[in-house]
Novice: 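Next up is a structure, given as structure tokens.
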Amino acid sequence: MSKRTGVFVCHCGKNIAATVDVKKVARELAKDDGVVFCEDYVYMCSDPGQGAVIDAIKENDLDGMVISCCSPTLHEKTFRDASELGGLSGFRCEIANIREQCSWVHKDPDEATDKAIKISRAAVRRVQRNEPLDPIGVPVTRRALVVGGGIAGIQTALDLADAGLDVILVEKQSTIGGNMLKLSETFPTLDCSQCILSPKMVAVSKNPRIRLLTESEVESVSGFVGNFRVRIKKKAQYVDPELCKLCDDCSQVCPVAVPNEYDEGLTNRRAIFIPFAQAIPASFTLDEAACLGLKPVVCGKCEEVCEAGAIDFDKRPTVFEEEVGAIVVATGYDLYGMDKLGEYGAGRYADVLDGLQFERLCSASGATEGHILRPSDHKVPKEIVFIQCSGSRDPENHCAWCSKICCMYTAKHATLYKHHVPDGQAYVFYIDIRSGGKGYEEFVQRSMEKDGVIYLRGRVSRVYEQGGKLRVLGVDTLSGRNVEIAADMVVLAQAMEPSKGTAEIAKTLKIGLGKDGFLAEAHPKLKPVESVTAGIYLAGAAQGPKDIPETVAQASAAASKVIALLSKEELHHSPTVAKVRDPYCTGCAMCVDACPYEAIGLVGGKAAVNEVLCQGCGSCVGVCVRAAIDVKNVSQLQIHEMISAVLAA
Amino acid sequence: MVNVDALRGYAADLLEKGQVRAVIGYRRGTAGVLAQPCTIDEAGEAETLVWDPTCLNNLARYLVEDRQQQAAAQTRNKTPDGRPVAIVAKGCDSRAVAVLLQENYLKREDVVIIGVSCEGSGVIDPRKLAARPEGRWASRVDFAGADAFKVTVGGDETLIPARDLLADRCLECRAAAPALNDVLFGEVVTERGLDEPFRAVKAAQGATEDARWATWEHHFDRCLRCFACRAVCPMCYCPECVVDSTTFVNTPGTTAEEKATRIRWCERSASVSESALYHLTRAIHLAGRCIDCGECERVCPVNIPLRLLNTKLEMEAFEQFQYEAGRDFGQASLLSSFRDEDPNSFIR
Amino acid sequence: MTDNSYLPQIGRIADIQEETRGARAIKTFQVEFPDSEGFEHDCGQCAMLSIFGRGESMISIASSPLVKEYKQFSIMRMGRVTSAFHDARVGDFIGVRGPYGNRFPLADWKGRDLVFVGGGVGLAPMWGALQTAVAQGEDYGKISLFYGARTAGDIMYKADLERLQGAVEVQLSVDAPEAGWQGYTGFVPANLMDKAPSSANAIAITCGPPIMIKFVIQNLKALGFADEQIYTTIENKMKCGIGKCGRCNVGKDYVCTTGPVYSWAELKDLPQEY
Amino acid sequence: MPNSSQSPAPEAQAHEPRVVAFLCKWCSSAGSDLAGVSRIQYSANATPITIPCTGSMSPLYVLSAFNKGADGVLVSGCHPGDCHYMEGNYLARRKLYLVKQLLQFVGLEAERFRMSWVSAAEGAKFAEVIDEFVGDLRPLGPQTRLKAKH
Amino acid sequence: MEKILSKDRLREWVDALDDCEVLAPAFADSVWNYARVEAETVIDLSHTNTINPPKQFAFPQREVFFRFERADGVPRLTPTLPDPRPTVVIGVRPCDGRGMPRNDTVFSKEFKDPYYWARRERLVLVGLACNQPHSPNCVCQSVGGAPHAEEGLDVLMTDLGDRFHVKGITAKGGELIARGGDAFASLQAGDPAEVARVHAAASSHPQRPVAELGTVAEAIRARFDSPLWEEMARHCIGCGICTYLCPTCHCFDINDEVTNPNHGTGERVRTWDNCQFPDFTMHTSGHNPRGDLGSRLRQRVAHKFLYFVENHGTQQCTGCGRCISECPVGIDIVAVVDRVSRA
Ligand SMILES: Cc1cc2nc3c(=O)[nH]c(=O)nc-3n(C[C@H](O)[C@H](O)[C@H](O)COP(=O)(O)OP(=O)(O)OC[C@H]3O[C@@H](n4cnc5c(N)ncnc54)[C@H](O)[C@@H]3O)c2cc1C
Ligand SMILES: Cc1cc2nc3c(=O)[nH]c(=O)nc-3n(C[C@H](O)[C@H](O)[C@H](O)COP(=O)(O)OP(=O)(O)OC[C@H]3O[C@@H](n4cnc5c(N)ncnc54)[C@H](O)[C@@H]3O)c2cc1C
Ligand code: SF4
Ligand code: SF4
Ligand code: SF4
Ligand code: SF4
Ligand code: SF4
Ligand code: SF4
């Protein structure tokens, strides 16, 4: 137990000192049991401040240190490092947060000072019983897993492979490429999406370090940073990509027709098909669900015609385990369901489309070979209405968030429309235009000025069909007029939402979700590519709506994090892990059941913690009736003493 | 009817054949009418076994004692006799064994459960008996069907309605026969309809908050902190109780540091606050573990209605989490498991 | 002193010596009484020491009654209170009440040889008697001390033992010798047998771990010591120190008042509950 | 037989509730930091004690805080599904539900124990939770029921 | 001094004791126990023995010895000697009455316990003779007492149906009766005989014999190492009810209770403790001189029937039967003594 604790009370300029009487805090703390040194100082985190810590430790033979200052998330490391320099274990230094949790949120100086004393006191009591711990070293598996093969996953995989790391890229669809593969041109430069994506996809397939697993999903993950064990399930692959010659003989004979999801349902496909000409792996694929029957074989025509012998109906799903040191999650987004926007006629009228459908209409590889035609009657729409923010920014009814890219792609769509149908008229309903980004604002301006797109600021209240036209009722808030447009086509800029299955993958990987369902980053500013679980990183639209440049940037950022992580010989894991007090443990295994990390087992009738797996959450502590288990440095004794200290009159 | 002779014969046989180390059961006591626990090591003594409505103790408590002694023998480098122990168990006792099994305190093969049915009634509450004229002088109480007890005072035998003498725990009991057993004596009577489960708790809940506190303050104030309630409970087998230590871990390996840093969650003083802390902690510790044998309440010398605290949580566990202690020794414990649909509305 | 036996006097730690290190370290404390007259004690008596907020412990008074300026206590780190003592610093205040218990009948032993046999912290309870006997050396015959510890590092009062060499025949032993150990290797009872002090006109005083005491007594008897010639102290758990709380109760005796010093003649008739 | 005297008469009206707030490190403590960064003012009655996760809450922490004289105890953690450690808050919810039920059952004013879910993004909610709690505690006056009387 | 008190005037006497704390048995929570007599209390002396003996009024379960705090680094101690109002306990059964002098002895011996005596000196015990035993476990006569024993009581009342015969035994008792003034009447001619008859009738109820009382001590000494102890204690759960409820068990613990850990403020407190708790005698090293159930049962029984006799010439057990009736597992001190004696 520490008996010589030092306390520094930081003024943080006026940030703390304006409300908290820091001198009084120091004076009071100096009277507490075990406190032998106590001072206030204007900026503790400054060089002289840190120097003062080092000196105080040395001069006063301190065996514990409390810094009453800002949130530990900011400077805990700073002061722990300073303590180490002073010759004191970093774990013997604790932060009392008297800024965020006190001076900034209270006005009354007396109350704030009183509370600051209590907070500091609790920290003193805690530090007095902190053990000086050494980090736990763990060896690293130098291989990474990337989940999701959109542009984010592709970029990450390529960057990682480039750095010499082995990569497993898991994609649940039969081709990589993700949503970007469906786009026609991309804003703001209007270069062809597939033209810039395909080379990367090919690079993936050619890279010997990348093991591409399409039609595969992660089933479970165990282990921890540096040493994950992943179970991957690969669907039965009835067409061998190595043998498939892309001759298309099979699909010709297939009697089945189902909507083609890769074409956003605008066209049909066979049960055996190729999603895109550029698909990687370059191979046909057999959709088991659509096929008339494989077990037993009902039709079997494709197998008969395949001269390459690439089709094998006897294939079964395979499950295998892989060890990886890090995981990047890039599972992307889906568009907000059309069925949820009935007020805009979505799902009801064939000519009310979503953004991706419109991309497919524009795309040369799409159903209409790049001609913008109405799905209902294949006529060229002469009047077209784009509705921005459909589903976005509407916390009451739909999604609370801004999908960020819709302003841009709507401008792009309108522009593309005008390029395809120069005599047509495009209207855009918007709430406001968010075109932050290099060249973005100019792009939007161009669509208005050069392409004569009419922008109406306001919401659309209703879309209904009348006389072969889609009547769009809205309001132009700038002029204050109600507007009614008889359109031939309506395109909804649907909100982006986390791709289907994001919640499941989050659960499997034990990473958190934000309120909106996107994957949660560890810190919104300082750790934007880290998930809350060490060793698992996030890239692309799975973490939040973003466009391609941002996606690629984040993908590369995630890759660089992984590269940094896996370049270490061994990882250091926080030593504040659970510790069993053997004589008290009866082996009831309640902690074993409660531990979310499977970090506890029974050995010889007593609980035993695997320190490497333990994350120090204390779930075990909370269930053990015998108090036979504690998390180091937040022991129950420490909490008890903190409670007593805080409440003592 | 439980054939006591058959039970004795069965016990004698187990011992005779060397299949068990000992049989834990009941025999006639010397003080008053109550039977008392006994441990029989030799077949010949099986003759003294009894089974009647004064067999109050939850004998699972002695399985705990037995395991502790086995462990102590082991540390003294004696090879413990690995044979199982047999235990005479009522419904609640067998549920206690199930919880001990669930918590790995025992292995199924370590215990032979000689189940006895409560004959559709249960055991008596000695205080109810004593409250009757001459009740203190009763020399025998016998089962007389599901609805009555036969009480012998001096030479006279009287039939007293079961309801009037039954322990409260038995009135509310939902399973008056041991589901977990190796052999069962007596019939399983399922429909009893003596009282609805959790009636007492529900009644207590009806009072106003202030009245509830007044009641419990009164009780906590009376508590002697003798810890009989804990000592008798088969689930309170912790080597050292968190809340107060009258038994605590002190092995040659216990360090000075460990002794010096024991947490004093509550003081030894028998005051309202400290006793409240003790009882509330104990209640929480028994959530999902208490099998409502009512022993704690029975032994309390000042008659604090301790069962209420435990059955309150038992009721919550049953109603909110569909959890019953001692029902299935394979299930995860109440507090180390959860469901997504657990109540959330009490949280802001 | 008031007549309230439970109310301690305030003592001040004037000096701390680290005797041994390790899990069960021993430190020696000199305690003075700045604001009260303190108390007189006899060899073998004890005092209840407290650190307020942590509790009380019964500790033998290790200094000789001839020393008036302070009382000396040697405390092994064992639990709650003793750990608090080990964390204390010079200048800290403690509570002291006592003296408690009976005494070594030193006066009755005049003219006799004294054989002290101790192990571990067991030297402390005999230390006052040893010091007194040495100071009054002319009253006694030969004084010898058999003292053993686990290792050389576990030997307490090292400097004093060196100083006493000559006045006292000091026979040291360790269970586990390190390189360079000059003394005896083995347990104290064995050393005792090895050196075989004469029992004629001698008194043996032994104190240490229960198991050691058991063998020492056996061996003393083998050496011809009569039950009346053998003295020891017993250290049952004590809380009140004044014969009421019941913890130290052995047979009819409350060790804190009737003991802790017993001759083997007395002790062998008590129940073996110590 | 009464072991101790009954509760003292309520103190003067102006009793400022003393609250111990157990905040999980990842959500609620971060949420309180956000309240700080956003300078959202709230009452100073609650002293935070940061714990790794609500799952690590021992019921004894709650009881002990009342024993030491807390007028209110708050436990705040991540929303269901958002636990940094996946499941800790679910375990806490079940356990603390029972604690609350029990406290209620013996007649501790039910309002004195509260639980909330506050995410790292909910600085404003954190402030609200504290203000509301303190507001609800004020009319109750000092907590004397479970407090140790020395 | 002997008087007659009509039952309907009992209250009058109690009311006259308005400067005293008056306690009398009350039946609540299904047990008889002492409760403060308030203005509205109807005093009911039909009680069987109270669950708690009256020792608590001199030796409460919690006694603060002193408060400690720190003033300029120096501990300051404030003793808290109790200064109670005079306390009158009505309805004390003679077995419990006999317990009190035994406790007095313990709390005197070579060190007088100031806390005990501060309360004891202001304690007046008004006994009530038993007209019949309360349970088969009443063994007062078998341990040398009687249903109307006077030892330890200040006043002894005897229930004569509609009235009490009230006898002042000590000076304190006499004064107490005197304060009742008119409430008391003088004895009538037949009264002494009536009292004698009632006493005799009470004594005539057979009680379980406690072996040969005179030889019990010797028997315990002789069978000290007998395996019987372990066998008889086998089902003891170490709950300590037997000792906590015993009118003459007096073991205690002393602890520091910290009220303000930041500044080292707190109280040193005595609380009841007892020899049946497994840790009671455990040394800090873990060694336990009475580590098994048998030795602890033996300690309890030997203390009552051997050690106390050796030290003070009388048994400590006064035969109230509480430890027998309340033991959760039926351990029966009469049977234990009996077996040891017969072994
Ligand atoms: C209509 C529209 C137009 C757009 N136009 C432009 C534009 O012009 N310019 C621009 O910069 N951006 C544009 N965007 C944005 C762009 O589409 C995204 O920024 C980009 O596709 C995000 O890539 P991603 O890899 O993060 O996600 P995705 O492309 O969604 O890729 C995710 C991949 O992960 C796979 N996956 C999902 N879950 C799993 C799982 N559990 N296991 C394995 N694999 C899984 C999916 O099958 C998919 O292949 C547009 C978006 C829309 C909707
Ligand atoms: C006559 C005598 C002389 C002694 N002389 C010396 C000496 O000179 N030097 C020396 O070092 N030692 C001496 N001792 C031993 C010393 O008294 C003990 O080592 C000391 O009291 C240990 O106290 P502690 O508080 O450190 O240990 P504790 O923390 O008290 O050690 C734990 C022990 O305390 C008890 N305990 C702990 N918690 C509780 C609880 N909640 N309820 C009940 N009991 C509890 C148990 O018995 C347990 O074994 C002497 C003892 C006696 C009797
Ligand atoms: S919950 Fe506690 S007693 Fe049970 S196995 Fe875990 S540490 Fe041991
Ligand atoms: S603290 Fe406990 S529950 Fe949490 S990860 Fe570690 S061992 Fe598992
Ligand atoms: S048995 Fe009764 S008196 Fe004893 S501790 Fe339990 S509740 Fe208190
Ligand atoms: S109250 Fe809790 S800690 Fe104490 S013995 Fe019972 S279960 Fe164990
Ligand atoms: S708490 Fe009481 S009723 Fe429940 S198992 Fe324990 S002794 Fe039986
Ligand atoms: S009352 Fe009975 S069970 Fe309890 S300690 Fe005494 S003898 Fe043992």
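So you know, we letter chains A, B, ... as the sequences are listed, proteins then strands, and number each from 1.
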Novice: Output yes when a side-chain donor or acceptor of Arg348(B) lies under 3.5 Å from a complementary backbone atom of Arg114(D), and no otherwise.
Specialist: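 Not a single qualifying donor-acceptor pair exists.
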Novice: Select one option (side chain, backbone, both, neither) describing which atoms of Ser336(B) are under 4.5 Å from chain D's heavy atoms.
Specialist: backbone
Novice: How far does NE2 of His285(B) sit from OG of Ser58(D), to the nearest 0.5 angstrom?
Specialist: 6.0 Å
Novice: Angle between ring planes, Phe321(B) versus Tyr97(D), binned at 30° and 60°: parallel, tilted or perpendicular?
Specialist: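 Judged by the thresholds at 30° and 60°, the geometry between Phe321(B) and Tyr97(D) is perpendicular.
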Novice: Based on non-hydrogen pairs under 4.5 Å, which of Leu277(B), Ile263(B), Leu335(B) is most in contact with chain D?
Specialist: Leu277(B)
Novice: What distance do Glu209(B) atom CD and Phe105(D) atom CZ have between them, rounded to the nearest 0.5 Å?
Specialist: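 If I round to the nearest 0.5 Å, the distance is 13.0 Å.
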Novice: Check whether any side-chain heavy atom of Asn67(D) lies under 4.5 Å from a side-chain heavy atom of Glu274(B), and answer yes or no.
Specialist: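 Asn67(D) vs Glu274(B): side chains touch.
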Novice: Check each atom of Lys95(D) against the heavy atoms of chain B and say whether the ones under 4.5 Å are side chain, backbone, both or neither.
Specialist: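 Its backbone and side chain both get close to chain B.
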Novice: Side chain from CB out, backbone as N, CA, C, O: work out which of these in Leu309(B) comes under 4.5 Å of a heavy atom of chain D, or both, or neither.
Specialist: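 Both parts, backbone and side chain.
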Novice: Side chains of Thr215(B) and Val106(D), heavy atoms from C-beta outward: is any pair under 4.5 Å?
Specialist: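 Heavy-atom side-chain distance check fails, nothing below 4.5 Å.
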Novice: Nearest 0.5 angstrom please: Met315(B) CE to Gln101(D) CD, how far?
Specialist: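 Separation between the atoms: 7.5 Å.
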Novice: Can Trp117(D) and Asn344(B) be counted as having a side-chain donor-acceptor contact under 3.5 angstrom?
Specialist: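 Trp117(D) vs Asn344(B): donor-acceptor pair found between side chains.
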Novice: Name the region of Val302(B), side chain, backbone, both or neither, that has any atom closer than 4.5 Å to a heavy atom of chain D.
Specialist: neither
Novice: State, to 0.1 Å, how close Ile347(B) and Ser116(D) come at their nearest heavy-atom pair, and which atoms those are.
Specialist: CG2-CA, 3.5 Å
Novice: Could you check whether atom NZ of Lys125(D) has more than 12 heavy atoms from other residues, nucleotides or ligands sitting under 6.0 Å from it?
Specialist: yes
Novice: Would you say the side chain of Arg93(D) lies within less than 4.5 Å of the side chain of Phe346(B), judging by non-hydrogen atoms?
Specialist: yes
Novice: What closest approach, in Å, do Ala287(B) and Leu98(D) show between heavy atoms, and which atom pair accounts for it?
Specialist: CB-CD1, 4.0 Å
Novice: Which of the residues Ser337(B), Ala276(B), Cys266(B) is involved in the greatest number of heavy-atom pairs with chain D at under 4.5 angstrom?
Specialist: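 Greatest number of close heavy-atom pairs with chain D: Ser337(B).
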Novice: Would you call Leu146(D) and Ser273(B) a side-chain contact if the rule is heavy atoms closer than 4.5 Å?
Specialist: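 Not touching, per the 4.5 Å side-chain cut-off.
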Novice: Name the option with the most non-hydrogen atom pairs under 4.5 Å to chain B; the candidates are Leu63(D), Val129(D), Val118(D).
Specialist: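 The candidate making the most pairs under 4.5 Å is Leu63(D).
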Novice: Go through it in stages, so that I can follow the logic: the residues are Leu108(D) and Trp213(B), the test is side-chain contact (heavy atoms from CB on, under 4.5 Å), and I'd like the CA-CA distance, side-chain angles, deciding distance and then a yes or no.
Specialist: CA-CA 7 Å; Leu108(D) 179 82; Trp213(B) 174 251; 5.7 Å; no
Novice: Between Arg94(D) (side chain) and Leu334(B) (backbone), is there a donor-acceptor pair under 3.5 Å?
Specialist: yes
Novice: Count the heavy-atom pairs under 4.5 Å between each of Val201(B), Thr281(B), Val243(B), Val242(B) and chain D, then report the option with the highest count.
Specialist: Thr281(B)
Novice: Below 4.0 angstrom, N of the basic side chain to O of the carboxylate: do Asp210(B) and Arg145(D) qualify?
Specialist: yes
Novice: So for Glu132(D), is it side chain, backbone, both, or neither that comes closer than 4.5 Å to the heavy atoms of chain B?
Specialist: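 The side chain, not the backbone.
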Novice: Quick check for you: to the nearest 0.5 Å, what is the distance between Ile284(B) atom CD1 and Leu103(D) atom CG?
Specialist: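 Rounded to the nearest 0.5 Å, the CD1-CG separation comes to 7.5 Å.
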